[in-house]
**Q** 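First the structure, then my questions, so here it is.
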Amino acid sequence: MNGIFEGLNEAQKQAVEHIQGASLVIAGAGSGKTRVLTCRIANLLAHNVPSHSILALTFTNKAAQEMKERIAHMVGNDVSKHLWMGTFHSIFAKILRFESAAIGFTSNYTIYDTQDSRNLISKIIADLKLDKEAYKPAAILATISNAKNNLITAPVYAQNIDLIKRDSFNKVPEIHRIYSLYNVRCKQADAMDFDDLLMYTNILFRDHPAILEKYQKKFQYILVDEYQDTNFSQYVIVKKLALPQNNVCVVGDDAQSIYSFRGAKIENILKFGKDYPHYRLFKLEQNYRSTQTIVNAANSIIKKNKNQIPKNTFSGQDIGSSLTLIEYVTDFEEGIGVAKEIQLLVDTNNCRYQDIAILYRTNAQSRILEEALNKLRIPCKIFGGTAFFQRKEIKDILSYVRVCVNPKDEEAITRIINYPMRGIGQTTVDKIRFLALKANCTVWEVILNIEHAHELLNKGTINKIQNFRTMILEFQNDLPHTDAYSLMNRIIEKTGIYQELKADSSLEGKGRFDNMQELLNGVKDFVEQEEENIALTDYLEKIALLTDIDIENDAHNKVTLMTVHSAKGLEFEHCFLVGLEENLFPSQMSMNSEKSIEEERRLFYVALTRAKKSAYLTFALSRRKWGNHTSSVMSRFVKDIDSSYIQQKQGNSLDSFSRAKSQFSNFSRKKMADSQNQATIGLRNFKKTTQKKPIILNFEADNPQDIREKTWVLHAKFGKGFVQTITGEFPESTAVIDFENEGQKRLLLKFAKLKQIEL
DNA sequence: CACATACGCGAAACG
DNA sequence: CGCGTATGTG
Ligand SMILES: Nc1ncnc2c1ncn2[C@@H]1O[C@H](COP(=O)(O)OP(=O)(O)OP(=O)(O)O)[C@@H](O)[C@H]1O
């Protein structure tokens with residue numbers, strides 16, 4: 001087992017060697033904390049600690065997986081596969097499934113994503129008849145999330161005078177009622193949001209000492225990565241679980257704490273010694289990742305922050321090349337300029353696209369960069385943003401799966417009850433929700449007894465709901481005999497989703513169809529890969545808890561585009577930090593407090609320390625924001641860097657002539673687009689006036705029930721048309737009519753004023 | 001009930 | 001600019 005200590009420096013060795021008691025590993029950027037964690041776990045295993053007694057909490061699933069692979073390499077897969085390794089959310093989601101009964105959930109509980117939560121909040125605001133202007137769902141959700149991360153339950157919130165005062169002051173005094181109702185509805189739906197996963201873990205451990213003790217005994221050794229970005233809820237979980245032995249090892253870098261917006265408390269790492277007075281401190285200070293220039297430049301900036309754990313991160317590598325600073329006139333030119341620099345790097349430095357990353361502050365910046373790279377035919381992959389699983393077509397299909405597993409899942413069921421359209425419209429859904437509210441039950445329970453609702457709903461509607469119910473019940477009956485893949489196949493086929501997406505031949509329609517295929521392929525892989533009895537809930541849980549960088553982007557030699565936040569923990573040969581402008585990086589929202597400026601500075605530190613060999617810093621003097629130009633100045637963070645590390649480069653991605661031309665052409669293109677719009681609008685109006693005028697003749701419409709298929713009709717606006725088919729029973733019957741000038745239309749017969757004509 | 005178009009309003013970062 | 005929703009129309 002000598003291999004464990006191979007390739008470790010002295011500080012790393014120490015951190016790996018001392019496995020008993022509480023340890024704090026302060027790991028400067030690029031100092032090899034991943035290596036320390038891996039080797040420490042290997043060392044635990046070498047000391048005959050069973051792998052299932054080790055709990056290692058990482059920041060992303062990908063990090064967990066990579067670490068698991070490395071450990072598997074050292075000790076073999078048979079041992080490593082029993083390690084409890086994953087993000088807080090995925091580990092405790094598993095435990096909560098197991099212990100669900102103790103907290104009033106089933107083991108099939110749903111995990112709501114942010115969109116689900118926001119929708120639910122909106123409904124609650126409507127139900128409570130609160131002012132929609134004052135109560136913004138996203139803001140309310142943030143407040144609730146914040147409360148949960150600090151373990152303030154709804155009843156505690158309602159009794160906290162300070163919080164109530166604050167909300168009154170902010171003209172949202174009813175938040176505590178929303179919070180309380182939100183919890184009730186979630187529980188009724190057998191659903192938890194992301195914060196609930198941690199909150200209910202705490203409630204579980206608080207109210208069930210026997211269960212807590214079971215896990216305390218189980219997890220003999222606990223390791224936490226990225227400890228500087230844990231929140232209070234996570235902190236309490238670790239603290240409780242570690243008792244009584246306190247074999248807890250946390251690893252982190254206070255200079256890289258960048259998630260306070262979601263409740264992370266840098267104090268957790270700063271005050272580690274308070275909870276564990278006898279802790280050992282290990283400092284990893286040698287940076288193996290980057291050149292001296294990069295490390296020193298990064299240090300020169302982070303030293304402006306107060307309240308740090310003192311450490312001296314240094315690089316043992318060469319001095320390396322200077323940071324390249326480039327000013328561009330516009331964001332568009334910045335994109336093109338960066339693309340050109342990338343091509344230059346690849347052509348002259350013998351590096352690959354995959355060694356290069358473009359890092360930005362906000363996802364909104366990715367588009368213009370992507371367009372520039374495409375223009376120069378540089379392959380790239382974008383992480384984050386609106387993820388695959390948030391797309392409408394994907395969420396719709398997954399909602400069916402969710403409903404099959406947990407029909408109480410209100411958000412999923414209201415999504416699919418009329419998708420694909422089956423004539424159950426908004427009013428019907430409102431009525432069902434009204435009944436559910438009145439009976440204090442779920443929408444699904446109303447649907448199960450929909451026959452009782454005959455005085456509220458007409459027969460046709462009840463019939464449609466019954467059909468929907470039958471279909472869902474059939475899917476559910478299949479559950480015991482099918483896997484996720486076959487179920488999903490049946491769903492898209494039976495519901496008509498497959499046919500509907502296939503029929504749409506528009507460009508976006510094709511995209512949606514491809515996405516559906518991709519979803520199915522993914523499910524297939526999952527079903528084939530995972531071991532024995534994988535339940536559907538496992539699949540749903542896995543995709544609910546994916547992080548942005550977990551999502552497999554068909555890799556292979558592409559430039560990486562991501563936010564600085566996502567880049568945490570990663571490294572690239574060459575990094576481009578773009579959009580380094582005041583009000584963007586640092587963000588406008590951070591301007592009013594020194595504390596948040598410090599966090600932005602840490603974020604900048606993280607960004608810069610991702611680079612191994614070279615870093616480019618770029619900014620643009622003018623940037624489009626919400627469609628119009630805003631001018632900007634260089635970020636203060638660039639100024640903060642000791643100028644001896646920086647070399648300026650001219651950013652004329654376009655010479656002045658072509659800039660003028662491009663601006664002109666941009667300008668004129670815009671103008672043209674506008675005038676083209678005008679033109680088409682004009683044309684449309686023109687069409688209307690010239691074609692419709694003679695057609696809007698006064699004619700006596702026939703009784704809609706007399707219209708027959710395969711006959712010619714006259715329509716007040718659309719003119720002459722041939723009735724292809726008529727479907728449904730009056731008054732809901734619709735006709736598909738091919739109009740000579742207007743193309744095919746579907747019309748509701750009871751509204752369409754049609755007259756049968758002879759040709 | 002479904003679809004089209006109009007309009008208003010808002011963007012930080014993430015599991 | 002781009003999304004979600006309010007509004008109108010058949
Ligand atoms: N003892 C060592 N000798 C040589 N290289 C090392 C050593 N330890 C770590 N490295 C290398 O240093 C690089 C950075 O390691 P790692 O990703 O673990 O850094 P980190 O501490 O997580 O940094 P950050 O906190 O900035 O993400 C890796 O490429 C790793 O292979």
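Naming convention: chains lettered A, B, ... in sequence-line order (proteins, then strands); numbering from 1 in each chain. Reckoned from all heavy atoms, side chains included, excluding hydrogens, waters and symmetry mates.
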**Q** How close or far is atom P of dC14(B) from atom CE of Met562(A), stated in whole angstroms?
**A** 10 Å
**Q** Would you say the base of dA12(B) stacks on Phe261(A) (centre-to-centre below 5.5 Å, plane angle below 30°)?
**A** no
**Q** Which comes earlier along DNA chain B counting from the 5' end, the contact point of Thr428(A) or that of Ser590(A), where each point is its nearest nucleotide?
**A** Thr428(A)
**Q** Using the P atom as the point on both nucleotides, what is the distance between dA13(B) and dG4(C), in whole Å?
**A**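 It comes out at 16 Å once rounded to the nearest Å.
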**Q** What contact category does Phe88(A) fall into here, base, sugar-phosphate, or nothing, at under 4.0 angstrom with non-hydrogen atoms?
**A**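 Since no nucleic acid heavy atom lies under 4.0 Å of Phe88(A), the category is nothing.
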**Q** Under 4.5 Å between any side-chain heavy atoms of Ile417(A) and Thr428(A), yes or no?
**A** no
**Q** Can you give me the closest heavy-atom contact between Ser257(A) and Gln228(A), atom names plus distance?
**A**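 Between these two residues, the closest heavy atoms are OG-O, 3.3 Å.
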**Q** So what does Glu133(A) touch, heavy atoms closer than 4.0 Å: a base, only the sugar-phosphate, or nothing?
**A**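 Counting heavy atoms under 4.0 Å across all strands, no contact is made by Glu133(A).
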**Q** May I have the distance from Lys595(A) (atom NZ) to dA13(B) (atom P), rounded to whole angstrom?
**A**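 Spelled out: NZ on Lys595(A) to P on dA13(B) is 22 Å.
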**Q** Counting side-chain heavy atoms from CB outward, which of dA12(B), dA2(B), dA11(B) is closest to Trp626(A)?
**A**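 Of the candidates, dA11(B) comes closest.
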**Q** Check this for me: does the side-chain of Asp195(A) come within 3.5 Å of the base of dG15(B) through a donor and an acceptor?
**A** yes
**Q** Whole angstroms only, please: what is the CG-P distance between Asn592(A) and dA12(B)?
**A**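 Rounded to the whole Å, the gap is 13 Å.
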**Q** Within the 4.0 Å heavy-atom criterion, would you say Lys568(A) contacts the bases, only the backbone, or no part of the nucleic acid?
**A** nothing
**Q** Mind checking whether His565(A) and Phe261(A) have ring centres under 6.0 Å apart?
**A**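 Yes, the ring centres sit under 6.0 Å apart.
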**Q** Under 6.0 Å from the six-membered ring centre of Tyr419(A) and within 45° of its axis: does the NZ or CZ of Lys392(A) meet both?
**A** yes
**Q** For dG2(C), take OP1 and OP2 only and decide whether either is under 4.0 Å from a side-chain N or O of Arg367(A).
**A**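 Result: yes.
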**Q** Compare the minimum distances between each of dA12(B), dG15(B), dA13(B) and the side chain of Thr87(A), then state the nucleotide with the smallest one.
**A** dG15(B)
**Q** Distance to the ring centre below 6.0 angstrom and angle to the axis at most 45 degrees; does that hold for Lys568(A) and Phe59(A)?
**A** yes
**Q** Any side-chain N or O of Ser566(A) below 4.0 angstrom from OP1/OP2 of dC14(B)?
**A**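 Ser566(A) to dC14(B) OP1/OP2: side-chain N or O found under 4.0 Å.
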**Q** Whole angstrom is fine here: how far is it from CD in Glu598(A) over to P in dA13(B)?
**A**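 Taking CD of Glu598(A) and P of dA13(B), I get 22 Å after rounding.
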**Q** dA12(B) C1' sits how many Å from Glu582(A) CD, rounded?
**A**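 After rounding, the reported distance stands at 16 Å.
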**Q** Among dG15(B), dC14(B), dC3(B), which is the nearest nucleotide to the side chain of Phe194(A)?
**A** dG15(B)
**Q** With respect to the phosphate group of dA12(B), does any side-chain polar atom (N or O) of Asn363(A) fall under 4.0 Å of OP1 or OP2?
**A**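 No, no such contact exists.
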**Q** Without decimals, in angstroms, what is the distance between Gln256(A) CD and dA13(B) C1'?
**A** 16 Å
**Q** In terms of the angle between their ring planes, are Tyr200(A) and Phe105(A) parallel, tilted or perpendicular, with boundaries placed at 30° and 60°?
**A**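 Because their plane-to-plane angle is over 60°, the rings of Tyr200(A) and Phe105(A) count as perpendicular.
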**Q** List for me each residue that meets salt bridge (Lys or Arg N to Asp or Glu O under 4.0 Å) alongside Arg262(A), sequence neighbours excluded, and say none if there are none.
**A** none
**Q** For a quick test of reading the model: is some side-chain N or O of Asn418(A) closer than 4.0 Å to OP1 or OP2 of dA2(B)?
**A** yes
**Q** Pick the nucleotide of DNA chain B nearest each of Ile424(A) and Ala544(A); which residue has the one closer to the 5' end?
**A** Ile424(A)
**Q** Can you tell me if Thr114(A) touches the phosphate of dG15(B), counting only side-chain N or O atoms and a distance under 4.0 Å to OP1 or OP2?
**A**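 Negative; the distance criterion is not met.
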**Q** Taking the minimum atom-to-atom distance to the side chain of Tyr259(A), which one of dA13(B), dC14(B), dG15(B) wins?
**A** dC14(B)
**Q** In whole angstroms, how far is the P atom of dG15(B) from the CD1 atom of Ile237(A)?
**A** 17 Å
**Q** Between Lys392(A) and dG4(C), is there a contact of a side-chain N or O with OP1 or OP2 at under 4.0 Å?
**A**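 Result: no.
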**Q** Give one of base, sugar-phosphate or nothing for Ser90(A), where a contact means two heavy atoms less than 4.0 Å apart.
**A**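 Result for Ser90(A) = nothing.
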**Q** Considering only dA11(B), dA13(B), dA2(B), which nucleotide approaches the side chain of Ala364(A) most closely?
**A** dA11(B)
**Q** Closest approach to the side chain of Arg262(A), judged atom by atom: which nucleotide of dG10(B), dA13(B), dG15(B) is it?
**A** dG15(B)
**Q** For dG15(B) and Thr547(A) - does any side-chain N or O of the residue sit under 4.0 Å from the phosphate oxygens OP1/OP2?
**A** yes
**Q** Would you please confirm or rule out a distance under 4.0 Å between OP1 or OP2 of dG15(B) and any side-chain N or O of Asn61(A)?
**A** no
**Q** Choosing from dG10(B), dG15(B), dA11(B), which nucleotide comes nearest the side chain of Lys136(A)?
**A** dG10(B)
**Q** How close or far is atom P of dC14(B) from atom CD1 of Ile543(A), stated in whole angstroms?
**A**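 These atoms are roughly 19 Å apart.
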